[in-house]
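Reading through the structure tokens given below for one structure.
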Amino acid sequence: MRFLVRLIVTALALWLATWIVSGISLYGDSALAKFLSLVVVALIFTAVNTFVKPIIMAVGCALYVLTLGLFGLVVNALMFWLTGWVSEQLSLGFAVDGFWSAFWGAIIVWLAMWVFDLLSPRKQASE
């Protein structure tokens, strides 16, 4: 159930990014089509961050250390950009027009997910 809620929140965060950043576009014939597109894009975004990001982080470990973690912003932008590219290839109606759009979109999605994590209840550790 938590995965489903997190997926919907990610879809809403992606919508927020399309609303705020001019280089991120969402196409669709109806509100339902756009929502379903965002849910599928959220699944792609989750898959990219689950499978591709750890590989990039392992390969770029030295850059993380040298930049005191700021390289993570670049990696997040690249993962967002990759999500946009995959979505365009699948004709899902979600497009990211360049690195800086991906950079700001990734920051918006990260902030939205951070707020969600702050507001979501946590399981209590058993004593």
Side-chain angles (χ1 to χ4, degrees):
M1 184 66 172
R2 181 158 168 81
F3 175 76
L4 220 61
V5 171
R6 194 163 178 83
L7 185 69
I8 298 300
V9 171
T10 303
L12 292 173
L14 288 167
W15 172 80
L16 185 64
T18 64
W19 188 62
I20 294 173
V21 180
S22 62
I24 302 172
S25 307
L26 178 64
Y27 307 101
D29 296 335
S30 66
L32 179 63
K34 288 180 182 180
F35 177 75
L36 292 176
S37 176
L38 282 173
V39 170
V40 174
V41 172
L43 273 171
I44 293 169
F45 185 69
T46 302
V48 165
N49 280 313
T50 302
F51 299 112
V52 178
K53 188 175 181 179
I55 296 168
I56 302 287
M57 289 174 65
V59 171
C61 184
L63 288 174
Y64 276 93
V65 173
L66 287 174
T67 63
L68 302 175
L70 291 177
F71 185 65
L73 295 172
V74 173
V75 170
N76 287 341
L78 292 174
M79 297 302 104
F80 196 87
W81 203 2
L82 178 61
T83 300
W85 180 80
V86 170
S87 299
E88 284 184 80
Q89 299 305 308
L90 297 174
S91 300
L92 293 176
F94 183 82
V96 180
D97 296 333
F99 175 80
W100 290 109
S101 297
F103 180 84
W104 293 113
I107 288 177
I108 290 167
V109 171
W110 175 81
L111 283 171
M113 298 309 292
W114 177 69
V115 169
F116 170 72
D117 285 340
L118 283 178
L119 298 176
S120 63
R122 302 235 189 275
K123 287 185 179 179
Q124 296 296 323
S126 59
E127 296 180 28

Report, one line per pair, each donor and acceptor closer than 3.5 Å where one atom sits in a side chain of residues 26-48; sequence neighbours left out.
from	atom 1	to	atom 2	distance (Å)
Ser30	OG	Ala33	N	3.2
Ser37	OG	Leu92	O	2.2
Thr46	OG1	Ala42	O	2.8

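- A chain of hydrophobic side-chain contacts below 4.5 Å, direct or via other Ile, Leu, Val, Met, Phe, Trp or Tyr residues, connects Val74 to Leu70.
- Proximity of Lys53 to Asn76: side-chain heavy atoms (C-beta onward) are separated by under 4.5 Å at one or more points.
- Looking only at side-chain heavy atoms (C-beta outward), Phe94 and Ile24 come within less than 4.5 Å of each other.
- Atoms OG1 and CG, from Thr67 and Leu73 in turn, are 8.5 Å apart once rounded to the nearest 0.5 Å.
- We find the CG-CD distance between Leu90 and Glu88 to be 10.5 Å, quoted to the nearest 0.5 Å.
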Donor-acceptor contacts, no H, no angles, side chain residues 77-86, under 3.5 Å, sequence neighbours left out:
from	atom 1	to	atom 2	distance (Å)
Thr83	OG1	Met79	O	2.9

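- Residues Phe3 and Ile8 share a single hydrophobic cluster, defined by chaining ILVMFWY side chains whose heavy atoms lie under 4.5 Å apart.
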Let me have the donor-acceptor pairs involving side chains of residues 97-121, under 3.5 Å, with sequence neighbours excluded, atom names and distances please.
from	atom 1	to	atom 2	distance (Å)
Asp117	OD1	Arg6	NH1	2.8
Ser120	OG	Phe116	O	3.3
Ser120	OG	Asp117	O	3.3

